[in-house]
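Written out below as structure tokens is the structure these notes cover.
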2 protein chains.
Amino acid sequence: MNIATDTRSRILAAAKPRFHSRSYANVGIQEICEGAGIQKGSFYHFFPSKRDLVMAVIDEFADEWANGFVAEAFDPALPPMERIDYLIDAAYFWQKSIKQVHGRMLGCIFGNLTLEVSTQDDILRAKLLAIFTRAKSRFSETLGQAVAAGTIAPLDTELTAEAMLAYLEGVILLAKAQNDPEVLYRLGPAIKTLRVELKTA
Amino acid sequence: MNIATDTRSRILAAAKPRFHSRSYANVGIQEICEGAGIQKGSFYHFFPSKRDLVMAVIDEFADEWANGFVAEAFDPALPPMERIDYLIDAAYFWQKSIKQVHGRMLGCIFGNLTLEVSTQDDILRAKLLAIFTRAKSRFSETLGQAVAAGTIAPLDTELTAEAMLAYLEGVILLAKAQNDPEVLYRLGPAIKTLRVELKTA
DNA sequence: CTTGCATTTTACCGATCGGTCAACTAGTAT
DNA sequence: ATACTAGTTGACCGATCGGTAAAATGCAAG
């Protein structure tokens with residue numbers, strides 16, 4: 001069981017940075033096996049297909065985020081709107097450190113995969129959408145508390161949350177186009193100016 | 001000359017929808033040749049490499065946009081901020097019509113390609129960045145005129161323009177994740193709430 | 001009629017793609 | 001000791017990848 005778990009996690013460890021830094025189609029099973037130091041047949045013992053592998057990779061990234069600085073950012077002890085500042089900061093420093101190590105801005109793997117595969121694979125698309133939906137609810141929860149605290153004027157928390165998530169993904173996209181995490185630093189803070197007003201039903 | 005031009009444009013006509021609806025890596029030269037009704041050797045007579053093809057495809061899409069509804073949206077006769085409304089509307093209706101025909105939201109080919117290839121090919125990245133830079137200047141020009149007309153309070157037109165472009169790309173990304181152009185309709189108008197204030201130097 | 005050039009076809013290159021299969025190893029439970 | 005099973009290996013599948021080279025075609029100018 002331990003050995004099995006070890007091989008499986010070595011596969012994931014080899015796959016994660018490759019999918020993040022290149023693309024789904026550009027990373028082959030064979031290369032991943034070489035990176036993990038195993039044979040291809042062994043790979044297919046743990047993952048029925050390449051798609052299943054990338055789903056596991058998505059889960060690992062999502063867990064890392066959720067338990068890492070996203071958990072720190074959305075700390076209930078912080079004033080609501082400061083959590084958003086914190087999140088932007090964290091994204092900036094993360095991308096910056098990746099660039100320092102790797103030489104390139106890799107961006108958000110969820111966004112990367114979404115634009116690459118979501119027209120070709122509805123199962124992957126659904127998986128990625130679930131990630132975004134969870135992220136959106138973190139934002140909307142925070143916005144709700146900010147409104148309740150009187151920090152910001154009432155607004156449509158659901159739609160504003162979605163708008164903020166979209167903005168964050170868009171900023172990361174433009175930063176990747178420039179291979180420059182400073183774009184995040186310059187544009188990130190404007191996320192708090194986004195507002196979708198309540199429907200005046 | 002005519003025949004040559006015809007073959008070349010048939011190649012482009014076959015390549016464009018394929019790159020738009022799938023991805024760079026997922027579309028092969030052979031398939032494009034079949035779509036264009038030619039042999040592979042003929043393809044390489046007109047394009048030295050796959051990268052050169054996709055650069056030509058990018059140019060064609062950029063021209064289409066620039067001469068199509070982007071030109072209409074940024075009509076100097078319109079009040080500045082209405083041009084932005086118009087652009088969002090146009091993007092929405094475009095994606096919606098694509099979905100009706102194709103069954104899927106394809107999103108923005110520039111954004112799609114950026115996230116797929118920009119870590120792997122600096123030449124393509126530079127090409128895509130140039131597209132975004134041009135788009136940004138359309139926004140900043142518009143914002144400058146809106147400020148001059150007193151429609152909006154003074155702000156950092158360059159950074160706000162970049163933020164708006166990022167937001168547009170991000171909204172399209174989320175819409176693609178949901179395979180639903182209505183996301184554009186719901187979130188698009190909030191683009192005008194984005195502001196980056198002037199540095200109080 | 002011929003030379004020359006652009007275009008096109010056909011066949012081919014080595015490499016890689018995702019995935020399968022049968023044989024083999026090793027540890028565990030009976 | 002034996003049977004079972006999880007894990008692993010290495011060889012293999014047909015298909016496709018981007019790209020090349022040489023021969024054939026067609027056309028136009030001299």
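Below, each value reflects all heavy atoms present in this structure, side chains not excepted, and no hydrogens, waters or symmetry copies.
Side-chain proximity of B:F46 to the nucleotides C:dT20, D:dT8, C:dT8 is greatest for C:dT8.
Look at A:D180 and A:K99 and you find no salt bridge, because none of the NZ, NE, NH1 or NH2 atoms lies under 4.0 Å from a carboxylate O.
Residues passing the side-chain hydrogen bond (donor to acceptor under 3.5 Å, both in side chains) test with A:E64, sequence neighbours excluded: A:K16.
Rounded to an integer number of Å, the gap from A:F47 CZ to D:dT8 C1' is 16 Å. A:F43 places its CZ atom 10 Å from the C1' atom of C:dG19, with the value rounded to the nearest Å. Between the OH atom of A:Y44 and the P atom of D:dA11 there is a distance of 18 Å, given to the nearest Å.
In terms of phosphate contacts, A:H45 brings a side-chain nitrogen or oxygen within less than 4.0 Å of OP1 or OP2 of D:dG7. Between C:dT7 and B:T7, no contact under 4.0 Å exists linking OP1 or OP2 to a side-chain N or O.
No more than 12 heavy-atom neighbours from other residues, nucleotides or ligands sit within 6.0 angstrom of OH on A:Y185.
Put simply, the residue from A:V196, A:D156, A:L159 that forms a side-chain contact (heavy atoms from CB on, under 4.5 Å) with B:R186 is A:L159.
Rounded to the nearest 0.5 Å, atoms NZ (A:K176) and CD (B:E116) are 9.5 Å apart. Separation of atoms CG (A:L155) and CZ (A:R195) is listed at 4.0 Å; rounding is to 0.5 Å.
The stretch residues 18-40 of chain A touches DNA chain C through A:V27, A:G28, A:I29, A:Q30, A:K40, each having a heavy atom within less than 4.0 Å of the strand.
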